[in-house]
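One structure is given here, and the rest of the page talks about it.
Hydrogens, waters and symmetry mates are skipped; everything else that's a heavy atom, side chains included, is used. First the proteins, then the strands, lettered A, B, ... as listed; each starts at 1.
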Amino acid sequence: MTNSPQDDVIVASTATPTAIEALQDKEPLAPPSSRSRDIWDQFRKHKGAMFGLWFLTFITLAVLIGPYIWQVDPQKLDIRNKDMRPIYTALWDSGAKVGWNKPLGSDQLGRDNLAQILAGGRASMAVGWAAMLLSLLIGTAVGVVAGYFRKLDSLLMRTTDLFLALPILPLLLLAVTLFRQPLRVAFGPEGGMFVLIVTIIAITSWMPTARIVRGDVLAIKEREFVLAARSIGTTNGKIIRRHLLPNVLSPIMVSAALGLATAIITESALSFLGVGFPSDFPTWGKMLADAVVRMERFPERVLLPGVAISLTVLSVNYLGDGLRDALDPRIRGR
Amino acid sequence: MLDSTPTGPIAKIENLRVEFETKNGTVVGVEDVSFEIGPGETVCVVGESGSGKSVSSLSLMRLIEYGGGDIAGGRLIFDRKDGGEIDLAEADQSLMRTIRGNEIGMIFQEPMTALNPVFTVGRQLTEGLRIHRGMSKAEAMAEALKLLKEVRIPEPERRLHQYPHELSGGMRQRVVIAMALACKPRLLIADEPTTALDVTIQAEILALMDRLKRETGTAVMFITHDMAVVAQMADRVVVMFRGNKVEEGTVEEIFERPQHPYTQALLAAVPKLGEMTGKDLPEPMRLVGQGDHAPEPIKGTDDVLLKVEGLTTRFPVKGGFFRRTVANVHAVEDVSFTLNKGQTLSLVGESGCGKSTAGRSILRLVEPLMGKVELDGKDVMALSAAQLREERREMQMIFQDPFASLNPQLPLADQVAEPIHNYKTETGSAVMDKVANLFDRVELPRSFMRRFPHELSGGQRQRIAIARALALNPKLIVADEAVSALDVSVQAQVVNLMMELQADLGLGYLFISHDMAVVERVSHNVGVMYLGRIVEIGPRRAVFEDPQHAYTRALMKAVPIADPRRRKSEKDLNFKPIPSPIHPVGYAPGPSEYREVSPGHFVLVSESGY
Amino acid sequence: MLAFATRRLILSIPTLIFISFIIFMLLQLAPGDPMAQVPLTVPPEVKEKMRQALGLGEPPLVQYWKWLVQVFWIEPQVLIDHIFGTSFAAGDLRVISWQTRSPVMEIVIQRIPQTLWVVGVAYVVAILIALPIGVYSAYRQYSVFDQAGTFVTMIGFSIPPFFTGPLLIVIFSVQLGWFPSIYDTTHVVNDWESFKVQLQQMVMPVMVLAFQITAQLSRYMRASMLDNLNQDYVRTARAKGLSEAVVVNVHVLRNSMIPVVTVIALGIPSIFGGAIITESVFKVNGIGQLLLTALFANDLPMVMTLTFIFAVLIVLFNLIADVLYGLLDPRIRYD
Amino acid sequence: ERGADGEVKIIYWQAPSILNPFLSGGTKDVESASMIVEPLARFNAAGEIVPWLVDEIPTVANGGITEDLKQITWKITPGLKWSDGSDFTSEDVKFTYEYCSHPEGGCAQLTKFDPIESVETPDALTVVVNFKEPTPYPYTAFVGGESPILQKAQFEACVGAAASTCTEQNFNPIGTGPFVVDEFKPNDVITMSANPNYRDPAKPAFAKVTFKGGGDAAAAGTAVMETGEFDYAWNLQLAPDVIAEMEAGGKGKPVAGFGPLLERIEINNTNPDPALGPDERSVVRPHPFLGDPAVYKAMSMAIDRALLVEVGYGQAGRVTCSWVPAPEAFAYNDAPGCDVQDIEGAKKMLDDAGIVDTDGDGIREKDGVPLSILYQTSTNAVRQDFQALIKDWWEQIGMEVELRNIDGSVFFGGDPGSPDTFQKFYADVEMYANTFNGTDPQSYLGNRLCDKAPTPASQWQGENVSRFCDPEYDALHAELTKTSDIAERQRIGRELSKMAFERGSIIPIVHRGRLSAHSNTLGGVDLNVWDSELWNVADWYRIK
Ligand SMILES: Nc1ncnc2c1ncn2[C@@H]1O[C@H](COP(=O)(O)OP(=O)(O)OP(=O)(O)O)[C@@H](O)[C@H]1O
Ligand SMILES: Nc1ncnc2c1ncn2[C@@H]1O[C@H](COP(=O)(O)OP(=O)(O)OP(=O)(O)O)[C@@H](O)[C@H]1O
Ligand SMILES: [Mg+2]
Ligand SMILES: [Mg+2]
């Protein structure tokens, strides 16, 4: 029995209590919980996602705060201390050149690996996040517009084909030519390159998101609540914002996870191919690329950035998985 | 099968308990249910949604495990063909496989989804035969054809090679029945086999099952929540309530002398066709526990609210290389009617006859081809997009599916407040006051305001939809199958609520439904639609008590009545398949012409296609 | 269906021309010079002469028009000549690569076998591995197998090939000496022995690529299976007494394959596009490596033609995916 | 014995794209073609000119060159045959001249043929070359891997604009060299077999050659020295520690040789501020501070060349301060303090010149302009290491350095639309390597003449990228062009190198050698940096 008076209006007082109960609406048993709480509860059950969240928080904090704790300039050369091994190699190889001043060793010019990993992570993560967000924005906008407005659909989908066919390298080189100077003036040499790389990665990677979102919008558009919204005078813009977008959130989340991963990998591939940030500006991809030739003697130099990239991407993927489950009210309701 | 031992029951369920392990702990689907089914007997299991009917039947098939359930207790005794009794609850799955489809057949709730969309009907029909009967492909095909003939599908040879989506709902359900019957099972479980179907098709399917049962002597466990169907089919009735059996008895006992308060309440909530005979005006239902203040008839006014003339809506069918329009779906064809303030006009008819399209055309949610729609003297058809948006304040819509018509991601209060924000009728804190008032109005606790749709039951959601429609104080509400998807008890409450609101606020309803009993209860006027046209329209009493058009009569006849003593027999039924509403471009149907049989009661005289 | 396909095909021609124009302009505007690879000892005036000889002096629109004519008019003629022994194209100028001064199409054709051997085989291998994994992990959702499969596929997705590639080389070529680190494109397979050699040199690149593709496909397969396993028709199938194998591998699989097949079809253009990084790590000189070297050498006709072929494939396989969808799913009928 | 040693496998990490060196000029193409087509004379590993298809090198002394230095006469060795069996005649040599000097042919070696007025063929074995002007050093045309002789019969239809349509000829030239092409897959692999008509019946020792292209230097090194899949890897531009590690693989060893290749930093003599606009660059506007000797000298002193060699090139690098580091006689080797780093000295020099940090930001100012420079180069691992190191040193002496690396195809490409080409030089200093062909640096030394500066008018073409302009230098170079006495030429050459260094045009950093690797079982390798590395491939053999 509820104690809210309104509930009893139809089935008033005279008949047996069981009969009243029978005809009464069941109220949800649990007290109303906030949606974010529900999402969190569901999310918590996903072990992989929790690992992802934990690792991502860890790595984000590490690259954000780390450089303040480990105050070594990653670009500082220290040629006398070059080619040092990580401190743990001393465990099995007492002759190894190790030292606490370079806990993860140093590279062929004596730059500190730890400091580089931290600084490189900053760059890689920043590129990843920014490019992912931008690509998500473009992809979602194109997808929603194409799905919602029939007239624009085929035009936008053909544009998508166009972008799928665009080769990224010449695009990047062209953008460098056209925009580097103004961007350098506006954001400084590294900032300008950052903006360029992020933009290029974004505009070459939004297409899958657009496709998925469009498909979902096409389906959701036919759902009755959209018609209902229209019948109560909701404008197109509001329908998109309030009714369509929240319902395509979970595929967007998945795209976001994949997008972050792709962006980090694309940035590192660009560094690997030698078109990217200034040479003394460390990113994980560049560290990896530089270290590949010395892989046998200094495996840590590939493994550290390699594992950092892989784990980040992995945890983002898991995070996306968990978020998708948590955001889907059908799953959450269960 | 009549020669098998008539003594023992075929299946006996004893103290069944089924549990589901979910993320939020154990959910008990069925708590304690026992009943038995004798040979040649039809046992109806009734109860509202979620009472455990399906879970019981799936347990009997041991399919419940695949849905994450677990038979936690009880015995499921089944009498096998060759005499021996076994406890299905203990049997292992490979043994079950020889029983499933062979000795126990099952018909599922949703004919639309119960068939695999990518295999032909023939293939799906023959699978069981080939496994259990060891038939060759050709033999099985021949047998399948025989089965299809038995369930009286038109053109059975062609159906064998068609895909499920190419069949209408009724035909699909027949295929599902044929599949269940393929191996001549001793027990047939039918889980709401007609819920999703039109009355006419439902009548046919029910008649078909009845005949097959009589011919083969199969025992039937028939699950439904529709008391009218129970009255039609049952020998004995088991009433379930929240996982328990609350009452069991012969059909007459249950209908005439219900013992358990739940059964009583349930029966009271069932609208029965003919209950309103002799009354001119609609009146709310008397529900158990509602006390003795007599329901008051709703009179309404004589001022015209909505006037529709010659409304025609067609959907283009595109085709050919240049995607030009090659044909049109004539969804609504020359429809005219008037609706008075404070009154209800119902549109009834079978699925696809254009009811929804008519309703939507009036709101211009789909653009009609031609016709005149006047709302309170204003010509809706002439409005520009901006004006139309303004005019929508006056006319609102409630949709069939309360699950689909609310956005799953928005809190309820926001959904109700949306029209208020859209038109800025209130601002600031007044908005939430208004929303709270609306919640009161539809009798939902204010504590629901912060909840989400999935936390509500169907009836509660439909009330939210009503609250949303009321938010702008409209004059007209188009209720498109607004109560069809609800359980009877909930349906009764929502119907009463709507009528109460009408009495209080003077709303005009355009009530779209295929449920004749509900329509009888709520309408002042009724229009019967067939193939896009209104074939008969007039005061409810005139149309229901003196149907003139052949189609109206057939429709009336098909409606099952919740009274076991008024069963319909198969020979009463005689339906023609509905012709296609698709016509090539340039096809110009004639205008609708009517004959007035009594004041305000018109019957179509021009060709209607029936 | 046929009308649908033809209509889309014809509509795709203006799309493709537009795409080619955009790409052409992009490449025109991009910096870089085909003479960059010529040593600095060659003086600028000579380089300028060489540029003129390549036709670089002409205005971009003229160059574009020539390219269009060559691709849409002359190359098809060459193809017809090749098949029927006619000589329509005799004397016409084909699309000529700036690096090699030879027809681009011939180099492309030369490269296709390598790419197909490696990327194609990787794709096939990946499909063969991914589908069963996807099916089984969906069927046993949250089982150990599923969890492990998820983990491994995620890892596969997250390790870039320029990391796995050299790693494999160090392990299998340098340390163990099992497989060659450099792919021999001249190798001819004509008997069992040579086939084994071919297998050996394919193993590593195929492994790297297949790992990634498997990761993606098995995720799709799993999701699609999960969608279908809960459908009503599965229960119907079980109620008929069908065995689990039939229920899963016939009824559910057939439905689940519909979206997956289209995903697979959409991925095929990337086979022909080659795998730029993997190909260059293992020196499989296929299409990907061709594109990469052409890019760095600013060989515009080559880059242009390759990108355009790629665009054609993308558009074509988009269409094929749509058609496949229609073929596999009887509910969908175009027109 | 010919063909007795089976197959030899060569890997070039840059893949040859054409086998006609006249149409490409790329080292990979020239060297791969050098196994097939040959010039009249070559340079040997010591940089000396040796007769190849002729009996002796014509000189003034032996009468092969006329006294007025306007005519040279080559006498072809009798009995030479093309690989298709036909005779090698003077007509072919003349044809080669016509082929390359055709204005529409786009011949990459045009400079070699430009000074020629005509080629005459008095008889089948005599070639007479007439120069337009007296030419003190006439061994350019028909000498070295870059200008081999093409067969007239084969290329007759390919002159001028038709050159690029002759795919079959360009991919499969008929030559006099030890090998003939079996199959050429452009940018991928060449398979060759021994030339049956090669002049020495005992050579080549190998019956087959597989010439693989593509990948990267590290992979090529691995394939030769670690896995032993290949016999010879060209130009391993890798850090010395990487090479050393590969060598430890035990299957092969690196060999180094030194030509005139110099890794240098060019100093911008004009103001590169992009805000000035392109046209301003043609007016030579002095750089705000790099023109000050104290600045560029301090910058040079701050560099530890020995360390750079150790880090970047190892045995394939040498410390030098000479713009022309080789041949030895041309090298300016007595620059003071070249081999030691002197940070303190550099600081002092700047202090003395009054270039000090006036505003306390750690960066010195000259006349209020901070010593803040942009340092650009192409993308390449070693160069990036160098950039990092040099940046570090320069910052120690109170400068501010921004690094930029540009993709090689843009940096070395001449696209006038791109701001990033090395000719445009929109930076303060830039680093790259350059060299010259043959052993005579005259035209190379001409690269710092005033009128060679790239300008908008010249579409930014021109070799004088540092835009160094000094009338004394121009005058001295003019003298060189008139001098034929070898010793005098060498003296002037050294003087010019010194001027470029001391007057602020160039900071030489490393004299780079060529480092290639060959398998332990490959014999006869004689690394030649003056000509094609594969110049003596006919002498290669398998060590058994
Ligand atoms: N797979 C499942 N997991 C968890 N709970 C379930 C599951 N299936 C059914 N239930 C629960 O078991 C109860 C009985 O469900 P059942 O499907 O038998 O209802 P029903 O009477 O058939 O209703 P309807 O008329 O809607 O078909 C419900 O409370 C439902 O929530
Ligand atoms: N958007 C549309 N495009 C094409 N045809 C349509 C569209 N909407 C409805 N139709 C067709 O118009 C006819 C009438 O449909 P409508 O939905 O009005 O029927 P209905 O009477 O409401 O049926 P139901 O009871 O099933 O809701 C049907 O044949 C339907 O297929
Ligand atoms: Mg049920
Ligand atoms: Mg409807």
Seminar exercise, completed: In this structure, CZ of C/Phe18 is separated from OG1 of A/Thr159 (nearest 0.5 Å) by 7.0 Å

Exercise. Checking A/Phe163 against chain C: side chain, backbone, both or neither under 4.5 Å from a heavy atom?
Worked result: neither

Donor-acceptor contacts under 3.5 Å from residues 301-311 of chain A side chains, at least two apart:
from	atom 1	to	atom 2	distance (Å)
A/Arg301	NE	A/Ser106	O	3.4
A/Arg301	NH2	A/Asp83	OD1	2.6
A/Arg301	NH2	A/Ser106	O	3.2
A/Ser310	OG	A/Gly306	O	3.0

Exercise. With respect to chain A, which residue among C/Val312, C/Leu16, C/Ile314 yields the maximal number of heavy-atom pairs within a distance under 4.5 Å?
Worked result: C/Ile314

Problem set entry | Residue C/Trp67 excluded, over 12 heavy atoms near CH2 under 6.0 Å | yes

Exercise. Just wondering, more than 12 heavy atoms not from C/Phe72 lying within 6.0 Å of its CZ?
Worked result: yes

Problem set entry | Max heavy-atom pair count under 4.5 Å with chain A, selected residue of C/Leu306, C/Leu26, C/Val303 | C/Leu26

Exercise. For residues A/Arg211 and C/Asn318, is any side-chain donor paired with an opposing acceptor at under 3.5 Å?
Worked result: yes

With a cut-off of 3.5 Å and sequence neighbours excluded, list every side-chain donor-acceptor pair involving residues 167-179 of chain C.
from	atom 1	to	atom 2	distance (Å)
C/Ser173	OG	C/Phe179	O	2.9
C/Gln175	NE2	A/Glu296	OE1	3.2

Exercise. Do other residues, nucleotides or ligands put more than 12 heavy atoms under 6.0 Å from the CZ atom of A/Phe55?
Worked result: yes

Exercise. What's the shortest heavy-atom distance between A/Tyr318 and C/Phe151, and which atoms?
Worked result: OH-CA, 3.3 Å

Problem set entry | Portion of C/Ile22 that has a non-hydrogen atom of chain A nearer than 4.5 angstrom | side chain

